Structure formats: structure tokens, C-alpha cells
There are 2 protein chains.
Amino acid sequence: MGEPEPEAEAGGPQRVRRRRATAGGGAVMADVARRAGVSGQTVSRVLNDHPRVRPETRERVRAAMRELGYRPTASARTLASGRSRTLGVISFDAARFGPAATLAGINEAAQEAGYLVSTIALTAADQAAVRGAVDRLLGQGADGIIAIAPQRSVGEALVEADHGRPMVTLDKSFGARFPVVAGDSTSGARQATEHLLRLGHRTVRHIAGPVGWIAAEARVDGWRAALKDAGAEAYEPLFGDWSADSGHDLGRRLAHDPDATAVFVSNDQMAVGVLRALHEAGRRVPEDVSVIGYDDIPEAAHLLPPLTTVRTDFTEIGRRCLSLMLDQLERTPEPGVRVTIPTELVLRKSCGHLLRGSARQAQG
Amino acid sequence: MGEPEPEAEAGGPQRVRRRRATAGGGAVMADVARRAGVSGQTVSRVLNDHPRVRPETRERVRAAMRELGYRPTASARTLASGRSRTLGVISFDAARFGPAATLAGINEAAQEAGYLVSTIALTAADQAAVRGAVDRLLGQGADGIIAIAPQRSVGEALVEADHGRPMVTLDKSFGARFPVVAGDSTSGARQATEHLLRLGHRTVRHIAGPVGWIAAEARVDGWRAALKDAGAEAYEPLFGDWSADSGHDLGRRLAHDPDATAVFVSNDQMAVGVLRALHEAGRRVPEDVSVIGYDDIPEAAHLLPPLTTVRTDFTEIGRRCLSLMLDQLERTPEPGVRVTIPTELVLRKSCGHLLRGSARQAQG
DNA sequence: GGTCCGCATGTTAGCGGTAACACTCCCCCT
DNA sequence: AGGGGGAGTGTTACCGCTAACATGCGGACC
């Protein structure tokens, strides 16, 4: 049955054939070359769509590849060429909607561009962890790194862990060192606040994201700016941790303050908690209190009441990250680009007019 | 200033030094070896924690690595050893909470085990896409593949795309071909249904996930089994697409049927839509209708009313996937293991007793 | 006191590709 | 007719690392 091993009985203790690095012991380039009657280099050229190959030869090589089920070995290509067609992504809080959706956008776009994505999900934002992640990704041969750096500390660690390869970051700018993509949090917060003010509320309270988070702070800024422009009083924001639990806790504090008639919440999850706290305290939304969230998670339209919120297109953010990365990788990079993804206020039913001290009439 | 290029002026047109494959032009093993005064092989041994190295030598090599900022080149290691310490993950619907949380669990556990994770997020469940993903992952040198295969068709495609490397799948079993991890959907659905029956409801309606999804069908089975055991009538389930939007649509249909006093919904997102539909139709939860969801998303506790639901520990699912993978990779694999992650009914406020034809008294 | 053995380390030959260069043809121009 | 040049292909030398084998050395053993 078994084929005779080539040179199986030649003199002396033969070196053991080393395990192949290919998956499933498949064919390698030399096998394809032999079968197609060409050199390895020609196979390589076919593989890389090099123009200088006669169509007929190309077809012969392709056929040989198909027949042998040939699959190029990425590590060998990477080693020889210095390019891996792999991108590294560092993410935080990957289970939350925003980051997860952004990640999905990056993945999708990467796939279309023929890149593979290696992800490292970090929990701690300390410098050592970030640096370690960058090291592992680069060691793995990543052609570039996309870092979701939602916290200031992460951004700083990233600058620390500097390296030669292209990089794109999300949310945090470092003096035009790397291109940055971000949702326009300041403007989104401003829109939300102005909408509430326009409805007649004397001022707008704010439940913010945690200190140190870029987006959270940008939203605080936008909110504060809108209040200032309108000459409205700015209460100190309450800081949550993005979770519905924290929204609920903080919402209870606001619920007991009869002066609080309008709340801008820094994300929809916390808004869910706020809505519940208000409901439990017997304050109706939007009749007594108006609430605006942020992000427009898919469930926002179905909350009770449907939540007015600021929509962020996370998928688009992810796609833009990727296109910026490709610019750096394959075209002439513009240094220090900053892409801002516009936001849109989505009017639903959680806001109402404030008329002579009492709130009425839903308006979105 | 510049060091003299070694052999820079030796005879004739020198070959151009090829670009290094290392990131940032860093040091390579030979540099470390030279600096430590040992051979490359010894450096390699230190790198791989080989025991046969004198502690003193080991320390010298480590110091040299540190001083040069040496970082091993993964592609070279992979090429030479056949192992990449990279795992491939194929996921679907990566922006939804369940898959995203599972992915996060996998990532976290992989990191602890020293593996890197490459993710391919698929949108279409067709065979070609799945096969392509497997090919790319293997070509990239993945040591094994974890496939989140929530749909029957994906599972079948996976069997089709068979290959030599270890594999772990999520949700779908293929006659004990690969180890499988899954939440215990059937039992979770049964618990939920039985709880509602125990509260006195004559029967329980079901809003199911889409046809073809393993978990959705398992929940239908569990629900049906519980009804059968109790001798309760089984209405045809309504099939949604997991989204709150579809839950809202389907919920409207139920809301107009006064006989519908208890609903088991196949995930929490759809339940959000159902809650809204019920509210809009003027049917109170839990007084008129009891609702149970599935998954226990972090917001479930803050819905109005707080949602009774079946908790699934997605992070644990992810971790178990990884440990099963490691078993195959590094230990003696048990073939065809099936790990089932238990579920737990979390009682909150969306269910109530049905007394003499009218519902009352919240009980979780 | 020589042999055997095991530890610590070095040497050699790849892993599977790609870059640079060399080499044929064959056509076109002068 | 001879030379230049480009298209198509082959040759060679690596990329950075590891497996297998080889070597040197000191101590235990008889």
C-alpha cells in the first residue's frame, strides 16, 4: 500500500523529516512548482498577481494549486517579505455595545481589504498592560495597530509604547502623532443640551461617564458650553461608570430634586437606569422630567418611554479607522489626520416642554 | 557618527541588505547571542524556558535581551516550529451582547494562556464564507479554531471545511466530532416556562429566535417540553430575529390577544420590544401579562418593570471554549466532549400570579 | 585511572516563502 | 545584420528561528 519513502533506505541514519508548518500537511510551493513544471518563483509571482507571467503559465499554476489544495503559509511570507497583512487591535471593554460595534466595523472593513485582525482585549488601562499588548501585536508581525483608547491613561501609555509601525487611535489625540477617529462627542452633547434648553428647561443636569474617559469628558465640555452660551446654571455633573446600575444610583439622587427637570445622560445604558429611578420615584418622563441619552443603542427606541438620544455610527467609526490605517499602509499617509464622525440627535418620546414651572407635551 | 558598515567596501556590487522582518528594525536573535557571548541556540533555549541552561547564562542572555529591546519574531518561530500560539475565532453577529461577551471571555482567557486571537466576523452564514474564514485562519497559522456557530448552516459548513487542526465550536454539536460548549438553553427555557405555569397561567406563549439558530430551537424545545409535561396547550411560537424591533412587532400581535397572559421571550432584546408593545396596548406587566426574557443583559434589571430572565454566563462560555481548546492543543484531548453551562432563572418583577382569570401580585 | 554518562552549549540544516539579480528568447530598430 | 531591450522565467541568497545532532567537560563508578 504505502508509497516507498524517497531515499528511505539510503545510507546511514537519515535525518528525520521535520514537521511541516503548513496546516494539515498540505502542499507547499515547491510541490505546486513541480506539478506545474515551473520554478517556485513563478508560483510566487502567480500568488502575488505579478503582471509578468504569461496567462497560460498562470493558468497552469493556478490549476496545480487547486489540484493540490495549496494554501500559502503566512508565516513564511511574513518572514520573507516583512508584511503580514494582519492588523492588531487593542480594545477595552469589548462587551459593551459601543466598543463591540466599533470592533465589528473594523473587522468587517479589514476583511474586505484582505487583512486579518488580531485582537487584544485589555481590562486594565495601566501602562504595562498597554505596552505588553503593543509588544505582542508587533511581535506577531502586525503591519499596524488600531488602538481603541477611550481613556486618557491609555492614550498616554500608547505614546510611551511607541514603535515604528503605523497606528490609528480611537477617541484620543496625541498632538497629531497618529491619525485619530472619534465620534463628535462635544457637538453631540451640545445638540442634546440645546434641545433641552429650547424646550424651556431652566438648566440641564448631566450624568457623565467616568473621569478620565475622553468621550465622557468631551460630552461634559459640550454640555457645559451649551449651558454657558445660554447663561444657564451648570450643576456639577454626577459621574457614573457607563452601566445601567450606576445610572440607576445616580438617577435616584436626581429624582429627589424637584428642580431637576431635564437630564442629559452620557450613554444609553445609564439612561436606562435613570428612567427606572425616575419611574420608581413617581416622576413621569417626559411630563415631569426630560431625559436624553447617548449612542442610540438598538433598544433605545423601545424603552419606556422611547429614548431621545444622540446617535453615533459605531460601524462607520470602525470603518474609518481601517481606511486611515490603509492610507498609512498602502498610500501616502497624511500625518495627524483627525476624522470626526458626525452625530445626530434622534428625537423620540423622552423629552417634553417645560411650561411655567411644570413640564408638559412630549416633543421628542 | 555612523558606524562603518561591515564589509561596506568589499569588492564589487554588494547585495542590498534586505529589510528586516522585525518591527522597528529591532535586534534579532543573533544580536542577542553576540552580546551575551553565546550561540543563537542558547538564546532560543532561554526564550523557550528550556531547563538545560545554567542560571548564570540564562541571566546573561536575559540581560542582553533587555538591553537590546529584543522581541522575538513570531513568523520565524512559527515557520520553524509549526506552532503560532495564535487561535482563530469565527464569530457571527459580533455586535450583539451575547456573542460580544463570549468573545471577550475567549480573548481574556487566551491572553492569560499566552495565546493571541485572530477574529473573523462573518455576516453571511453560507458555506463559502465559512470555508473562506477557516482557510484564512489556517493559512495565517492558527493553531486551532474556535467557531461560534449559532446557526445550523454554519455548523454544517464547518464540518465541510474540515481540516487537521483542533477545533471547538459553540452551540452546535456535530456527532461528537469537535468539543462543544453551549449554554443550557433547553433547561433554561424549561425553567422559565415552568415558573410561569406554576404562577397559574394556563399556558405560556413563546416569542422565539429565528429558525435555524441552535439556541433558539433548543429554547423552543424546552418550552414545548414544559408545556407538554403540564398538559398545557402549545400555541405556535412567533419567530423574531433577536432584535428589539422584532420583539415589538411580535409583541403587538400578542398584546391584542386577551388570552395571552404569559410570554417567554427567547432573548432580552426582544423582550424589551415586547414590554413596550404591551405597554402601548395598555396591558400592564406583570398585572395583566407576565414576561420572561433570556440572557440577563446588564440592563435587564433596570427595565420597566425589571425583567425576570434566564441568566447565561457568556464570559464563562468563552473561557470554557478556550480551556477545551488548550486541552486539545497541549494535553490529551478527550474527543467529543460537550460542556453545558448551566443557566439560572433570575426572578425580578415582570411575572405575576394568575388568579381566577385575572393576573395579580408580582412574584418575580 | 579509564570509561561512561549527563549537563551545558555549539553546529548544521532546514521551515516556506520572497527580493534581487541573471538569463533566455524574440522582436524591433537602425 | 547586429545590437538594444523588454517580457517571461530561473537562480541564489537570504528572512529569523528551532529541531536534531554533535561536542566538550567534569564527576561518579568500578
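For clarity, every value in this text was computed on a predicted model and none was experimentally measured. Chain identifiers are assigned alphabetically (A, B, ...) following the order of the sequence lines, protein sequences preceding nucleic acid strands; residue numbering begins at 1 within each chain.
- Less than 4.0 Å separates DNA chain D from no heavy atom of any residue of residues 57-64 of chain B.
- Taking only side-chain atoms of Val38(A), from C-beta outward, the nucleotide of dG16(D), dG10(D), dG17(C) with the closest atom is dG10(D).
- Distance from the side chain of Val53(B) is smallest to dT9(C) among dG16(D), dT9(C), dT18(D).
- If one axis is set at each end of the helix from dG1(C)-dC30(D) to dT30(C)-dA1(D) from five pairs, those axes are 40° apart, to 10°.
- When the P atom of dC7(C) is taken as reference, atom NE2 of His50(B) falls 10 Å away, rounded to whole Å.
- The CZ atom of Arg83(B) sits 14 Å away from the C1' atom of dA19(D) (whole-angstrom rounding).
- Using a 4.0 Å heavy-atom cutoff across all strands shown, Arg54(A) reaches sugar-phosphate atoms only and no base atom.
- Atom OH of Tyr70(B) is separated from atom P of dG16(D) by 10 Å (rounded to the nearest Å).
- Computed from coordinates, the Met65(A) CE to dG16(C) C1' distance equals 13 Å when rounded to whole Å.
- Within 4.0 Å (heavy atoms only), Arg77(A) reaches sugar-phosphate atoms of the nucleic acid but no base atom.
- Contact record, Ala104(B) with Ala94(A): CB-CB, 4.4 Å, taken as the closest heavy-atom pair.
- A donor-acceptor pair under 3.5 Å links the side-chain atoms of Arg136(B) to the main chain of Tyr115(A), judged by distance alone.
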Check nucleotides 24-27 of chain C against the protein and report each pair of N or O atoms closer than 3.5 Å, with its distance, or say if there are none.
none

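- Here the side chain of Leu79(A) is nearest to one of dG10(C), dG10(D), dG16(D), namely dG16(D).
- Applying the salt bridge (charged side-chain N to carboxylate O under 4.0 Å, His left out) rule to pairs touching residues 46-57 of chain B yields Asp49(B)-Arg62(B), Arg54(B)-Glu56(B), sequence neighbours excluded.
- No contact: Val43(A) has no heavy atom under 4.0 Å from any strand.
- Comparing dT11(D), dG10(C), dG16(D) against the side chain of Thr42(B) picks out dG10(C) as the nearest.
- Residues that satisfy the salt bridge (charged side-chain N to carboxylate O under 4.0 Å, His left out) test with Arg320(B), not counting sequence neighbours, are Glu316(B).
- Annotation: side chain to side chain contact (heavy atoms under 4.5 Å, CB included) contacts of Arg45(B) (sequence neighbours excluded): Gln41(B), Thr42(B), His50(B), Val53(B).
- Not counting sequence neighbours, the partners of Glu108(B) by the side chain to side chain donor-acceptor pair (under 3.5 Å) test are Arg319(B).
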Pairs: protein N or O with nucleotides 25-27 of chain D N or O, under 3.5 Å:
none

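- Atom CE of Met29(B) and atom C1' of dT18(D) are 8 Å apart (whole Å).
- In this structure a side-chain-to-backbone donor-acceptor pair under 3.5 Å is missing from Gln140(B) to Ala74(A).
- In terms of polar N and O atoms assigned as donor or acceptor, the side chain of Arg45(A) comes within less than 3.5 Å of the base of dG10(D) in a complementary pairing.
- Separating the CG atom of Leu68(B) from the P atom of dG16(D) is a distance of 14 Å, rounded to the nearest angstrom.
- Comparing Ala76(B) and Pro51(B) along DNA chain C, the residue whose closest nucleotide (by nearest heavy atom) sits nearer the 5' end is Pro51(B).
- One can place CZ of Arg52(A) at 17 Å from P of dC21(C), the figure rounded to the nearest angstrom.
- For the salt bridge (charged side-chain N to carboxylate O under 4.0 Å, His left out) test, residues two or more places apart in sequence or in another chain that qualify with Arg66(A) are Glu59(A).
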For residues 121-128 of chain A, which side-chain N or O atoms pair as donor and acceptor with protein atoms under 3.5 Å away, sequence neighbours left out?
unit_1    : atom_1 : unit_2    : atom_2 : d
Asp126(A) : OD2    : Ala128(A) : N      : 3.4
Asp126(A) : OD2    : Ala129(A) : N      : 3.3

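- The minimum heavy-atom distance between Ile148(A) and Phe92(A), with the atom names listed, is O-CD1, 3.2 Å.
- For Ser39(A), whose side chain is taken as the heavy atoms from C-beta onward, the closest listed nucleotide among dG16(D), dT11(D), dT18(C) is dT11(D).
- Residues forming a salt bridge (charged side-chain N to carboxylate O under 4.0 Å, His left out) with Asp93(A) (at least two apart in sequence, or on another chain): Arg96(A).
- Across all non-hydrogen atoms, the minimal contact from Ala142(A) to Gly88(A) is CB-N, 3.7 Å.
- The backbone N or O of Val180(A) lies less than 3.5 Å from no partner atom in the side chain of Arg338(A), so there is not a single donor-acceptor pair.
- One interatomic measurement links the two molecules: CZ of Arg34(A) to P of dG17(C), which rounds to 12 Å at whole-angstrom precision.
- Of the candidates Val89(B), Ile146(B), Leu103(B), Val89(B) is the only one forming a side-chain contact (heavy atoms from CB on, under 4.5 Å) with Val117(B).
- For Ser84(A), the side chain to side chain contact (heavy atoms under 4.5 Å, CB included) partners are Thr78(A), Thr86(A), Asp143(A), not counting sequence neighbours.
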